[in-house]
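Note on naming: letters A, B, ... go to the chains in the order of the sequence lines (proteins, then strands), and numbering restarts at 1 for each one. Every heavy atom of this structure was used, including side-chain atoms; hydrogens, water molecules and symmetry mates were not.
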Amino acid sequence: NMGRLDQVDQAMKEIENVLLGADLGVGVVDRLIQDLRRDVAQKRLRSGVQVRASLAASLLSLLTQAQTEAEKRVQAERISAERMSGSPACEVLLLVGTNGHGKTTSAAKLAYRLRTQDKKKVLLVAADTFRAAAVEQLAEWARRAGVDIAVPLENQKNAASVAFDALKRATDERYDVVIIDTSGRLHTNENLMDEMKKLRRVVERQVQGPVTECLLVLDAPSGRNAVTAARQWLKDVQVSGLVLTKLDGTARAGFVVSVVQELGIPVKFVGVGETLNDLRDFDPVAYIDGLLL
Amino acid sequence: SLTENLQRTFSTLRGLDKITEANIEPTLIEVRRALLEADVNVQVVDNLLASIREQALNMKVVQGVTPGQQFIKAVYDELVRLLGGDPEASSSQPEVSKAPVFAEVTTKPMVILMAGLQGAGKTTATAKLARLLQTDKRGRKRVLLVAADVQRPAAVEQLITLGKQINTEVFALNAEKSGPVTALEVASKALDYAKQKGFDFMVVDTAGRQVIDEPLMQELAMIKKAVSPAETLLVVDAMIGQEAANITRAFHENIGITGAILTKMDGDTRGGAALSIKQVSGAPIKFIGVGEKLDKLEKFYPDRMASRILG
Ligand SMILES: Nc1nc2c(ncn2[C@@H]2O[C@H](COP(=O)(O)OP(=O)(O)OP(=O)(O)O)[C@@H](O)[C@H]2O)c(=O)[nH]1
Ligand SMILES: Nc1nc2c(ncn2[C@@H]2O[C@H](COP(=O)(O)OP(=O)(O)OP(=O)(O)O)[C@@H](O)[C@H]2O)c(=O)[nH]1
Ligand SMILES: [Mg+2]
Ligand SMILES: [Mg+2]
């Protein structure tokens, strides 16, 4: 009997370390291990294999439920916003987030997918007027993705006015979707967060409706600060979805569980590499498998 | 904060004159939680706790100091030591702040190789470093920047633009003129150029890469072999979580790092990665990035980092 208990306890310890090592965070892991202990007792689980399977199943059901509720919440918000303003003149995807996490590359991947799979007429907008060669970077991507791009005028430094001009062009020239790439910023920088609030207001006034998606881009290697960042972004700019990038690396992005469950932000897309084809829809099963590997 | 939590946990030990296995356990659990929430790698945390437990049990209670205060100081001191510092020497002492970050090198140019994951801040750090190196107190030094990221769209343009901002020459090969170019070619030709023109320093920017990308990790090893850098710096986003330990190990085993730069420290991430980097590689964190502008690079101080991790 002692041997069996040891095996189960050993499995629990290993699982705890795997989950902590995957950035789920000590609060989430404590709760998962507590529930797992209860399952082990109730279902009289005897082996490490059974313990791991039980945890995988609970974690999957927790995440899929949280993802569904998050998607419902975002959908309801958009419907009520459109009820107030009417539906926007064209679809707008706004990409926001921390410096270097993959906004520009994800904007390009989304543009490519919308053109090739959904046959949409897409306009990319290079609204990062700050970073060295940011416009050149997106312009090269636009060329590779076969989509048009709106770039700042010479000396046009105001991101909101770049977006404004692009949206005028989008409605005049009948684009289906406008994808706006913005400059990276830390959620702790109040001036830059205010600039983003203003950008969103200018965009929504111009299309006379809510943006279709305000996508927060966070990369997989991020630790617990990603949850703090997401919370601040939600508060300041009301993000409607997460783009989780660099999942082709070794990081498992356990912070996603908290972002979906505690903050109600659904994962919309996953980045799995640096080329235009490396964009996937979020697959909770594959994600959980990756966590527990 | 952890300090406040520890004060509270330890206030229950006020009447005690000895710290025992039993009464220290809840406190150690508290410290473990705090360090994990600060993104210190779980294995690094458990090693640290084993050492703290031993120190705490051997701690003699000092007159006029509560066991709680003593314990907090022990944790803080251990963090400072693990970050490569001396708990007795604070960053406000001139001999600490004035100590040179790079060892003197006799061969010219002194080569610094930058490496790291995608988006960590390498290109920005490369230019920030050049700005520091060329305004050396002992007279203007000549720095050559090398645009060896031939993969990311407009990476070369990005470094050229930054170079212009600080009046620093950038070595780049034009793919349109000379046909497809490899990073290794750029780095090797840059070294020949730097030697020929008598540059004091050469800082090589490379493309971001994942540690499980075998061909790219091999490419990095070849670049290192070709330019024989005096310093190989791992550039890491301070927002990184548990993976800091694994990627540091992988880069260190592949090319051997001599130091690290922790970027985006102007945010509110606790930066526990600093501990993982130092523990896994033995290499010290040399600088922190504290903003996007090129003057936003500061020397790394273990005592300041320890306070930040402890919260
Ligand atoms: N491996 C991998 N790399 C990625 C992925 N997405 C983006 N990257 C890389 O991450 C780096 C940063 O990507 P960017 O798109 O420039 O990030 P950004 O958020 O626009 O950066 P800033 O505009 O500077 O804030 C680039 O080297 C990209 O190629 C991904 O899914 N996987
Ligand atoms: N706030 C802040 N932003 C930083 C810091 N260092 C770099 N950045 C920003 O982070 C983003 C990525 O920086 P890059 O220098 O392009 O990163 P990289 O490692 O060269 O990226 P790849 O070449 O794609 O791998 C840019 O938006 C930079 O301005 C820092 O210390 N603080
Ligand atoms: Mg960008
Ligand atoms: Mg770069």
For [X], is it the side chain, the backbone, both or neither that has a heavy atom under 4.5 Å from a heavy atom of chain B?
X: A:Glu136; value: both
X: A:Thr250; value: both
X: A:Asp248; value: both
X: A:Ala139; value: neither
X: A:Glu16; value: side chain
X: A:Thr98; value: side chain
X: A:Arg252; value: neither
X: A:Leu19; value: neither
X: A:Phe130; value: side chain

Quick check on [X] against chain A: is it the side chain, the backbone, both or neither that has a heavy atom closer than 4.5 Å?
X: B:Ile247; answer: side chain
X: B:Gln242; answer: both
X: B:Asp39; answer: side chain
X: B:Asn246; answer: neither
X: B:Arg209; answer: neither
X: B:Asp213; answer: neither
X: B:Ile160; answer: neither

When only pairs under 4.5 Å are counted, which of A:Asn17, A:Val135, A:Leu186 shares the most heavy-atom pairs with chain B?
->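 Ranked by heavy-atom pairs under 4.5 Å with chain B, first place is A:Leu186.
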Best-contacting candidate, A:His101, A:Glu274, A:Arg224, against chain B by heavy atom pairs under 4.5 angstrom =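 Option with the greatest count: A:Glu274.
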Just how far is it from atom CD of B:Glu298 to atom CZ of B:Phe287, taken to the nearest 0.5 Å?
->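 CZ of B:Phe287 is found 11.0 Å from CD of B:Glu298.
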Do any N or O atoms from the side chain of [X] and from the backbone of [Y] form a donor-acceptor pair under 3.5 angstrom?
X: B:Thr206; Y: B:Met114; value: yes
X: A:Asp128; Y: A:Arg131; value: yes
X: B:Asp205; Y: B:Ala147; value: no
X: B:Gln134; Y: B:Ile166; value: yes

Looking at B:Arg32, B:Glu292, B:Gln165, which has the largest count of heavy-atom pairs under 4.5 Å with chain A?
->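 With the most close heavy-atom pairs to chain A, the winner is B:Glu292.
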Are side-chain heavy atoms of A:Leu242 and A:Leu215 found at a separation under 4.5 Å?
->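 No, too far: nothing below the 4.5 Å cut-off.
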What pair of heavy atoms forms the shortest contact from A:Ala163 to A:Ile180, and how long is it?
->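 Closest approach of A:Ala163 to A:Ile180, heavy atoms only: CB-CD1, 4.2 Å.
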Can you tell which of A:Leu20, A:Val51, A:Leu32 makes a side chain to side chain contact (heavy atoms under 4.5 Å, CB included) with A:Ile15?
->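 Output: one option passes, namely A:Val51.
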Does a sphere of radius 6.0 Å around NZ in B:Lys164 hold more than 12 heavy atoms from other residues, nucleotides or ligands, not counting ones at 6.0 Å or beyond?
->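 Atom NZ in B:Lys164 is not packed in, count stays at 12 or less.
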Are any of the side-chain nitrogens in B:Asp149 or B:Arg152 under 4.0 Å away from the carboxylate oxygens of its partner?
->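 Not counted as a salt bridge, because no side-chain N and carboxylate O are separated by less than 4.0 Å.
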Look at A:Arg143 together with A:Glu140 and state whether they make a salt bridge at an N to O cut-off of under 4.0 Å.
->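 Judged by the 4.0 Å cut-off on N to carboxylate O distance, A:Arg143 and A:Glu140 do form a salt bridge.
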Ring centroid separation for A:Tyr287 and A:Phe282, is it under 6.0 angstrom?
->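 Yes, close enough.
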